[in-house]
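Note that ligands are numbered from 1 as they come in the structure, with each ligand's atoms numbered from 1 the same way.
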Amino acid sequence: MNVNYIFITGGVTSSLGKGIIIASLASILENRGLKVTLIKLDPYINMDASTINPTQNGEIFVTSDGAETNLDLGYYERFITTKMSRNNNFTAGYIYSEVLKKERQGAYLGVTIKVIPHITNAIKKHITKLGKKKYDIILVEVGGIVEDIESLPFLEAIRQMAVDIGKDKIIYIHLILLPYIKNVKEIKIKPTQYSIKKLLSIGIQPDVLICRSNYSLSNLEKIKIASFYNLSKQVIISLKDVSSIYKIPILLKKQGLDNYVCNKFKFNLRDTKLTKWKKILNTELNSKGYVNISIVGKYTKLPDAYKSVIEALKHGGLKNQVHVNIHLINSELIEIEGINILNKFDGILIPGGFGSRGIQGKLKTVQYARKKNIPYFGICLGMHIALIEFARNVVGMIDTDSTEFNSNCKNPIIKLISKNNYFNIKKLQKKMRLGNKQCKLNKLSLSYQLYNSSYIIERHRHQYKVNNLLINKLIQYGLLIAGRSIDKSFIEIIEIPNHPWFIGCQFHPEFISNPHNGHPLFIGFIKAAMKKINLN
Ligand code: GLN
């Protein structure tokens, strides 16, 4: 079977939602019966996303095989059923490092190493490698915009692919912004012209133009735009701003984008009604009311830093037929303005995080949620904080801490994962416990009820863990250990049973939630928040 490729590039400006759009198209194609997967190419020089502050490009999404990747992979997994892995995201830095390593090993036999062909060949190798798994279509997102200097090697590589495998197996989609100027009531296509000129100068003629604007383009406008670029009206796709990203598959389908793809690649398939997506939109329309949930973290200036958590909360809402209003609260603000800023929330979540900034505010947050019986959900760092608070204020271990915040602490309830635990962790992974790990649940726990299963598999990303030598004291004071790793060395879930809903987990459940099924912990958390305000 020959693989087909769809490449999406962006122009005019970044942040137009390439990831969501390409994932939506992939979802429609999957619904029509095709086997699809997605790749994200990131033009930055970092080896991967792991060291980048989440306030720059958003959260670090962890795949089941433990790769720390760009947040777009989260959208891919939420929209299609194929799972992502470390082979679905490459950065320019990774490609360069691979080429340089080979150069040092003498693999190039004395030739001068150049962007073309060495870097471009390495890029093409990674794109085509995935095809060996027999996909009908691989959809590839080129990060950044075509106007960026860093994007050039990627654009050159995808241009060459049309020559290598034939233009009939490739579709180029270009996503652009059409600004609307209010006082003349007109959309402006000049920025688009520049962007397409740039793309053409690289040798790529777009087959499809997806136009973001704040309203739907009329037929006349589509014809006008099409005529500028030697395209037919059919391939000018209008995408207005929408209230829910889950409308996008339906908007693309309405304009026949999937038919265009199937015709071009000669797939003769039954049509799809996208019932799955329509069901979600219906639920959104018929919600019983709303709950207010606060995410207390430190990367609050960029909501994308908590993208998967935000989405998983919304999925929890969908499953309970309730709208979830999400409020990002910087924990340092609690240190300044006091804990009362949390009094309007029906549930409090402390997500993952690193470092000691803002920890005092988070400790106060957990104490508040515990004492005031507000549903509390602590994820990774959020579980660490919950345990420190419990140990200090319930058990009386006033000097306990995490060695992440106080390396001299004598009785840390949270400490660095010891070397013995690294037997299955590759050296390269910076001593971080990453990716899928199995966990056994305690039959007496709420978590067991929620998952309805004794064994679960969840994704991890942490360097610190619960200190098994001290945990018994907390158990004596009522803490419940709801889940442990199979070898029992890691405590995976903790609960406070005499509280309406208090769960902390060592893993990141947000990464495996999707809009169709939700995730048991998020569904349970939202349900508890509804119960708090008597919304059933
Ligand atoms: N900083 C903590 C650790 O490394 C928590 C990590 C996280 O929240 N993902 O263990």
- Message: Can a side-chain donor-acceptor contact be found between Trp277 and Ser24 if the only test is distance below 3.5 angstrom?
- Response: no
- Query: Roughly how far apart are Ile22 CD1 and Leu252 CG, rounded to 0.5 Å?
  - Reply: 9.0 Å
Name the closest protein heavy atom to [atom], giving the residue it belongs to and the distance to 0.1 Å.
atom                    : value
atom 7 (C) of ligand 1  : Cys380 SG, 3.0 Å
atom 2 (C) of ligand 1  : Glu404 OE1, 3.2 Å
atom 10 (O) of ligand 1 : Tyr464 N, 2.8 Å
atom 5 (C) of ligand 1  : Gly353 O, 3.4 Å

- Item | Where ligand 1 meets Arg461 - atom numbers and elements under 4.0 angstrom, heavy-atom basis | 6 (C), 7 (C), 9 (N)
- Message: Whether Glu77 and Lys40 form a salt bridge (side-chain N of Lys/Arg under 4.0 Å from carboxylate O of Asp/Glu) is what I want to check.
- Response: no
- Under 3.5 Å: N/O of Phe354 near N/O of ligand 1: no
- Under a 4.0 Å heavy-atom limit, does Lys465 contact ligand 1 with its side chain, its backbone, both, or neither? neither
- Message: Here's a test for you: under salt bridge (Lys or Arg N to Asp or Glu O under 4.0 Å), which of Arg357, Lys301, Lys364 qualifies with Glu332?
- Response: Arg357
- Is the backbone N or O of Ala23 less than 3.5 Å from a side-chain atom of Ser27, with the two atoms forming a donor-acceptor pair by type? no
- Message: Working note: Asn70 + Asn57, criterion side-chain hydrogen bond (donor to acceptor under 3.5 Å, both in side chains); need CA distance, chi angles, decisive distance, verdict.
- Response: CA-CA 8 Å; Asn70 181 273; Asn57 303 323; over 6 Å; no
- Task: Compare Met383, Gln463, His508, Met432 and give the one whose heavy atom is closest to atom 4 (O) of ligand 1.
- Result: Gln463
